[in-house]
Amino acid sequence: MAAVLLVGSVLAGCVESERDGKENTFVFAASAAPKTLDPFYASDGETFRVTRQIYEGLVGTEPGTVEPAPLLAESWTQSDDGLSYTFDLKDGVTFHDGTAFDAEAVCANFERWSATPELQQTDDKAYYYGKLFRGFATGPDADSAIYAGCSADDELTATVTLDAPFAGFIAAMSLPAFAMQSPTALEEYQDDASTSVLTTPYGTEHPTGTGPFEFASWDQGSGEVRLTPYDDYWGEAAKVDEVVVVEIDTARGRAEALRNGEIDGFDLVGPADVESLADDGFTIENRPAFNILYLALNQAQAPFDDIRVRQAIAHAIDKEAVISASMPDGTQPADQFVPELVDGHASDVPTYEYDPDLARQLLEEAGVAGTTITFNYPTNISRPYMPQPDDTFNIVRSQLEAVGLTIEPVAAEWTDYLEQVQNTPDHGIHLLGWTGDYDDPDNFLGVFFGQQSLEWGFDDAELFAAVAAPRQLATTDEQRPLYEQVNRDVMEFLPGIPLASPVPSLAFAENVEGYEASPVQDEVWNMVEITD
């Protein structure tokens, strides 16, 4: 990993050297390079960090919150039955290639998403559309797909119809995967049937949206992306002359680059660096916690199919100690699988207080005291919900060993780790989490427990149905009590232990102003400026 760090630092150094002739450049260090610049085929935060600057959706969020807000749609109305949404579009907006943004463009985007070829209907490509719209126009899930159509009622009015209510539809439209893209550029440069859909000319050289910045270059060898202001942007014009995003994969490396003046800011500050960077005069911005870190218990492996064992593990964990050892100040312990900011968070779920004596008793009753269990954890990665996996693993391991369990550690690099714990049954307990995309309990509960999965290893049709039921209701007011009950049911069933909602931090040089942190990383940089 040191090689990647070196590449990032050298690139940042090159940017620094250019500032002699161009002071007004904002250089941001990401933890990874984008996978593509076509947001529809992305599901990772580092890709979306870049595409949010280039593209915009019909719906955004209120700055600093998870609340939906008008963006390219100035307003919208929902039918009483929850099956249609009419959007009144902003006038005078153009894509970066000069194509007009209008109702025809909106419908072209929806139709493109629905018509995604079967080759691309996979979780590593069209993840968000498949999950939220429950299927595509063709393919194995076509019968369950809820998108019914889109009509251009007039130049600036578009109506989207659904086959089933989806109360989270408006909030979901704030996802960067559903950003509006130029139909002209897509027709010229994109091939959705390509076997290399992530690396088409559109996704690597011609990404075209309506955002405040337009594409300049992407060095895929180093990961460096350069963007310049779009002169005809409809909103607040960018205050910098150029944006450069460089890849530095470790929190330590990003902190060093900031101290050396090679970058202007970065995300995912290591908890150990927060105080020292602040003491050195750098600005720390805390992003409101909209995530969950959990310890998953794979019920396909004994002894985790025994509720007494799952309860014992829950009682063995001192969450405050876990937070103190591995997470930033301000992090709160979690008592359910949705953070407090999410509508549907319940105030009265079953809880499992730290009680090692009770944990030992439960293990004895289950006949597994002293047994050996496999504990999987990732290495060389930092996620908003898990900033220091090694430290989190070590403190949880020590707590489980203290109640008599023998731990067999299994460490893996991130990609291999996800493959093992999500796509194979070959794991025992493991650390993982989720950063929410928008304010809807389904974005947490549905992701975790909407269907049978290899990660959790159980098949509970009643729970799956309970998770799915509120999604079919037309309003959040109708959904709320059902989701609150699902949270209670999940914590009684106890498929895993929610640990915490860590507070992610960003760090900036003193002369960076105008960066507003968002719980869902909806951070657009047109208001960022570099002062003297």
Side-chain angles (χ1 to χ4, degrees), residues 31-32 43-46 48 66 123 127 131 251 267-271 286-298 313-314 317 319-320 322-323 325-328 330-342 345 349 375-397 410-423 427-450 453-457 487 490-491 494-505 519-521:
S31 63
S43 60
D44 65 290
E46 294 299 6
F48 291 149
V66 297
D123 282 356
Y127 173 83
K131 293 295 185 186
D267 200 353
L268 302 178
V269 182
N286 289 330
R287 182 180 286 119
F290 197 63
N291 57 56
I292 286 290
L293 169 67
Y294 58 77
L295 180 70
L297 312 176
N298 178 17
I313 291 174
I317 295 176
K319 296 178 184 179
E320 294 287 358
V322 174
I323 291 169
S326 64
M327 297 177 200
T331 296
Q332 297 297 314
D335 63 1
Q336 56 199 285
F337 282 89
V338 300
E340 289 188 18
L341 287 175
V342 175
H345 181 278
V349 297
F375 191 164
N376 298 77
Y377 70 101
T379 59
N380 297 318
I381 191 71
S382 179
R383 308 301 298 159
Y385 52 79
M386 186 166 48
Q388 297 183 157
D390 288 357
D391 293 340
T392 302
F393 163 76
N394 283 323
I395 185 65
V396 173
R397 175 179 65 175
V410 179
E413 295 287 337
W414 184 242
T415 301
D416 294 336
Y417 178 76
L418 290 180
E419 174 65 24
Q420 182 169 17
V421 302
Q422 293 184 323
N423 296 325
H427 52 94
I429 67 175
H430 66 269
L431 294 167
L432 204 57
W434 182 255
T435 297
D437 301 298
Y438 60 99
D439 185 15
D440 187 348
D442 185 65
N443 188 236
F444 289 87
L445 296 171
V447 169
F448 300 149
F449 311 120
S453 73
L454 292 170
E455 179 179 2
W456 303 95
N487 279 312
V490 167
M491 290 310 298
L494 201 63
I497 295 91
L499 297 175
S501 293
V503 177
S505 297
V520 290
Q521 299 185 42

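- For the pair Tyr417/Gln422, no side-chain contact is recorded, criterion being any heavy-atom separation below 4.5 Å from C-beta on.
- Using a 30° and 60° split on the angle between ring planes, Trp456 and His430 fall in the tilted class, from 30° to 60°.
- The ring pair (Phe, Tyr, Trp, His ring centres under 6.0 Å) test applied to Phe393 returns Phe375, Tyr377, not counting sequence neighbours.
- For Asn423, the side-chain hydrogen bond (donor to acceptor under 3.5 Å, both in side chains) partners are Glu419, not counting sequence neighbours.
- Two residues are said to be in side-chain contact when any heavy atoms from C-beta on lie closer than 4.5 Å; Gln332 and Pro339 fail this criterion.
- Side-chain contact annotation: Ser31 with Glu46, donor-acceptor N/O pair under 3.5 Å present.
- Applying the salt bridge (charged side-chain N to carboxylate O under 4.0 Å, His left out) rule to Asp390 yields no partners; only residues at least two apart in sequence or on another chain are considered.
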Exercise for the section: Apply side-chain contact (heavy atoms from CB on, under 4.5 Å) to Ile323 and Leu499, showing your working. Expected result: CA-CA 8 Å; Ile323 291 169; Leu499 297 175; over 6 Å; no

Handout entry: Evaluation steps, side-chain contact (heavy atoms from CB on, under 4.5 Å), between Tyr438 and Val520
Key = CA-CA 7 Å; Tyr438 60 99; Val520 290; 5.6 Å; no

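- Rounding to the nearest 0.5 angstrom, the gap separating the CG atom in Asn376 from the CG atom in Leu418 is 11.5 Å.
- The salt bridge (charged side-chain N to carboxylate O under 4.0 Å, His left out) search around Asp416 returns none, not counting sequence neighbours.
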Exercise for the section: Check step by step if side-chain contact (heavy atoms from CB on, under 4.5 Å) holds for Ile292 and Ser501. Expected result: CA-CA 5 Å; Ile292 286 290; Ser501 293; 3.5 Å; yes

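- Between the OG1 atom of Thr379 and the CH2 atom of Trp414 there is a distance of 10.5 Å, given to the nearest 0.5 Å.
- The salt bridge (charged side-chain N to carboxylate O under 4.0 Å, His left out) check on Asp267 picks up Arg49, Arg287, with sequence neighbours excluded.
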Practice task
Would you check, one step at a time, whether the test side-chain contact (heavy atoms from CB on, under 4.5 Å) holds for Asn298 with Ile429?
Solution key: CA-CA 6 Å; Asn298 178 17; Ile429 67 175; over 6 Å; no

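- For the pair Pro504 and Asn291, the minimum side-chain heavy-atom distance is below 4.5 Å.
- In this structure, the side-chain hydrogen bond (donor to acceptor under 3.5 Å, both in side chains) partners of Asp437, at least two apart in sequence or on a different chain, are Tyr128, Asn443.
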